[in-house]
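Here the structure is laid out as structure tokens; the discussion comes afterwards.
Read the numbers this way: they start at 1 and go in the same order the structure lists the ligands and their atoms.
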Amino acid sequence: MAASPRPAPVSVVVMGVSGTGKTTVGVGIAEALGCDFVEGDDLHPAANVEKMRSGTPLTDEDRWPWLRAVAGRVGEHEAAGTDLVITCSALRREYRDLLRDGHPSVWFAHIDTPREVLEQRLRERKGHYMPGSLLDSQLATLEPLADDEPGHAYTGQGSAQQTVDGLLAELADERPR
Ligand SMILES: Nc1ncnc2c1ncn2[C@@H]1O[C@H](COP(=O)(O)OP(=O)(O)OP(=O)(O)O)[C@@H](O)[C@H]1O
Ligand SMILES: O=C(O)[C@H](O)[C@@H](O)[C@H](O)[C@H](O)CO
């Protein structure tokens, strides 16, 4: 009997504004899938990190090299045939189109969290370079997923585990493993 074909790899891009829970939830999704987790923030050029630390929003020009680095990681996993979970704010449609270009494995998991909850989380979070003052620009830049983009938006209002489980259920529905 022929072995059943392996499912095509999936690259879950956990997206959303600062403080929405990308890292927390992304780690949980990667554990459940048993795959690599990559912190997309670690791929920012040092100049971008300094800019955010000083409270200045990034521009498109600042973000392009970073987005290309994120896409590069997706490409490496596709070439190896392995699943991946990677965090990347991916706030605008144009950014997501770049990530998806030539990368059919990409599936966007948008964590959509109300502003009041985000403010509270950013106030309580310690030891991170991203100041809460950048939340306005993050929310103003965010373009929600359109119907023709692969992925799903899920509320980040519940516990992190609820968000992990909700996104995994959508993924299982849309990209059966
Ligand atoms: N229900 C929840 N889901 C996710 N994170 C939560 C939740 N409740 C509290 N948090 C906390 O919110 C903070 C922000 O989460 P996290 O760092 O994962 O967000 P992020 O989207 O990766 O942020 P950034 O893009 O700024 O790095 C953390 O301190 C996390 O522990
Ligand atoms: O596109 C952006 O403005 C940035 O990627 C930010 O979203 C940060 O990387 C992240 O949120 C760090 O806290």
Side-chain angles (χ1 to χ4, degrees), residues 11-33 36-74 84-100 106 108-145 149 151-171:
S11 302
V12 178
V13 177
V14 186
M15 60 167 279
V17 298
S18 183
T20 200
K22 299 183 292 295
T23 302
T24 313
V25 169
V27 166
I29 294 177
E31 271 171 15
L33 294 180
D36 284 355
F37 170 79
V38 173
E39 174 58 67
D41 278 345
D42 292 345
L43 304 177
H44 270 297
N48 283 3
V49 175
E50 276 321 304
K51 210 168 171 181
M52 290 186 268
R53 201 193 296 280
S54 73
T56 310
L58 300 181
T59 63
D60 286 355
E61 291 316 309
D62 295 324
R63 289 184 178 118
W64 295 130
W66 167 64
L67 290 161
R68 284 194 288 272
V70 173
R73 287 303 187 92
V74 170
L84 167 70
V85 176
I86 187 163
T87 59
C88 175
S89 49
L91 298 176
R92 298 184 53 222
R93 167 77 192 237
E94 241 188 310
Y95 305 162
R96 297 191 292 270
D97 286 348
L98 180 150
L99 296 173
R100 222 153 44 91
V106 166
F108 294 106
H110 179 199
I111 309 172
D112 194 10
T113 306
R115 183 191 187 99
E116 322 74 80
V117 179
L118 292 167
E119 282 170 349
Q120 169 90 11
R121 282 188 198 162
L122 290 173
R123 260 199 308 273
E124 287 169 1
R125 185 166 66 166
K126 301 275 177 274
H128 194 288
Y129 58 77
M130 193 74 177
S133 59
L134 284 182
L135 190 54
D136 279 342
S137 89
Q138 292 274 301
L139 288 166
T141 307
L142 176 69
E143 296 169 0
L145 280 175
E149 292 182 271
H152 195 85
Y154 198 84
T155 177
Q157 230 174 336
S159 71
Q161 192 58 50
Q162 279 171 332
T163 311
V164 168
D165 292 343
L167 286 166
L168 281 169
E170 292 301 332
L171 178 66

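Looking from atom 12 (C) of ligand 2 to the surrounding protein, the closest heavy atom is Asp41 OD2, 3.2 Å. Of all protein heavy atoms, the one lying nearest to atom 18 (O) of ligand 1 is Thr24 OG1, 2.6 Å. In terms of protein heavy-atom proximity, atom 11 (C) of ligand 1 is nearest to Arg121 CD, 3.9 Å. Nearest protein heavy-atom contact of atom 2 (C) of ligand 2 is Arg63 NE, 3.3 Å. With respect to atom 19 (O) of ligand 1, the closest heavy atom belonging to the protein is Gly21 N, 3.1 Å. What sits closest to atom 20 (P) of ligand 1 on the protein, heavy atoms only, is Lys22 N, 3.4 Å. For atom 14 (C) of ligand 1, the nearest non-hydrogen atom of the protein is Gly19 O, 3.7 Å. Protein heavy atom closest to atom 1 (N) of ligand 1, with residue, atom name and distance, is Gly158 O, 2.7 Å. At the shortest separation from atom 6 (C) of ligand 2 among protein heavy atoms lies Gln138 NE2, 3.7 Å.
Between Gly156 and ligand 1, no N or O atom pair is found at a separation short of 3.5 Å.
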Check: Can you check side chain to side chain contact (heavy atoms under 4.5 Å, CB included) on Leu43 and Ile86, steps first, answer last?
Finding: CA-CA 11 Å; Leu43 304 177; Ile86 187 163; 4.3 Å; yes
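Distance check, rounded to the nearest 0.5 Å: CD1 of Ile29 to CZ of Phe37 gives 9.5 Å. Taking NZ from Lys126 and NE2 from His128, the interatomic distance works out to 13.5 Å, rounded to the nearest 0.5 Å. To the nearest 0.5 Å, atom CG of residue Leu118 and atom CD of residue Gln157 are 10.0 Å apart. The line from CD of Glu94 to CG of Leu99 is 11.5 Å long, rounded to the nearest 0.5 Å. Between atom OG1 of residue Thr87 and atom CE of residue Met15 there is a gap of 12.5 Å, rounded to the nearest 0.5 Å.
Between Val25 and Tyr154 the shortest side-chain heavy-atom distance does not fall below 4.5 Å. Arg121 has its side chain within reach of Thr113: a pair of non-hydrogen atoms, C-beta onward, lies under 4.5 Å apart. In this structure, Arg96 and Glu143 have side chains that are in contact, with non-hydrogen atoms separated by less than 4.5 Å.
Annotation for ligand 2: atoms under 4.0 Å from non-hydrogen atoms of Trp66 are 1 (O), 5 (O). Counting atoms of ligand 2 from 1 in the listed order, those under 4.0 Å from a heavy atom of His44 are 4 (C), 5 (O), 9 (O). In the vicinity of Ser159, heavy-atom distances shorter than 4.0 Å reach the ligand 1 atoms 1 (N). Interface atoms of ligand 1 facing Ser18, defined by a heavy-atom separation under 4.0 Å, are 24 (P), 25 (O), 26 (O). Taking a cut-off of under 4.0 Å to the non-hydrogen atoms of His128, the atoms of ligand 2 that pass are 12 (C), 13 (O). Within ligand 1, counting atoms from 1 as listed, the ones closer than 4.0 Å to a heavy atom of Val17 are 21 (O).
Taking the six-membered ring where the residue is Trp, Trp66 and His44 present parallel rings, their angle staying beneath 30° rather than reaching 60°.
Within the set Gly16, Ser137, Ser18, the minimum heavy-atom distance to atom 11 (O) of ligand 2 is found for Ser18. Of the listed residues (Gln161, Met15, Arg125), the one carrying the non-hydrogen atom nearest atom 24 (P) of ligand 1 is Arg125. Comparing Glu39, Arg125, Met52 by heavy-atom distance to atom 8 (C) of ligand 2, the nearest is Met52.
Contacts between His128 and ligand 1 below 4.0 angstrom, taking non-hydrogen atoms only, involve the side chain exclusively. Residue Ser89 touches ligand 2 through its side chain alone, judged by heavy-atom distances below 4.0 Å.
Counting only N and O atoms by type, the side chains of Gln120 and Glu116 include no donor and acceptor under 3.5 Å apart.
Ligand 2 lies nowhere less than 4.0 angstrom from a heavy atom belonging to Tyr95. Judged by the shortest distance from any of its heavy atoms, Thr20 lies inside the 4.0 Å radius around the atoms of ligand 1. Distances shorter than 4.0 angstrom do not occur between any heavy atom of Thr163 and any atom of ligand 1.
Residue Met52 comes nearest to Leu134 through the heavy atom pair O-CD1, 3.7 Å, listed as atom of the first residue, atom of the second, then distance. Nearest heavy-atom pair across Thr141 and Ser137 is OG1-O, 2.6 Å.
Using a cutoff of 4.0 Å between basic side-chain nitrogens and carboxylate oxygens, Asp41 and Lys22 are not scored as salt-bridged.
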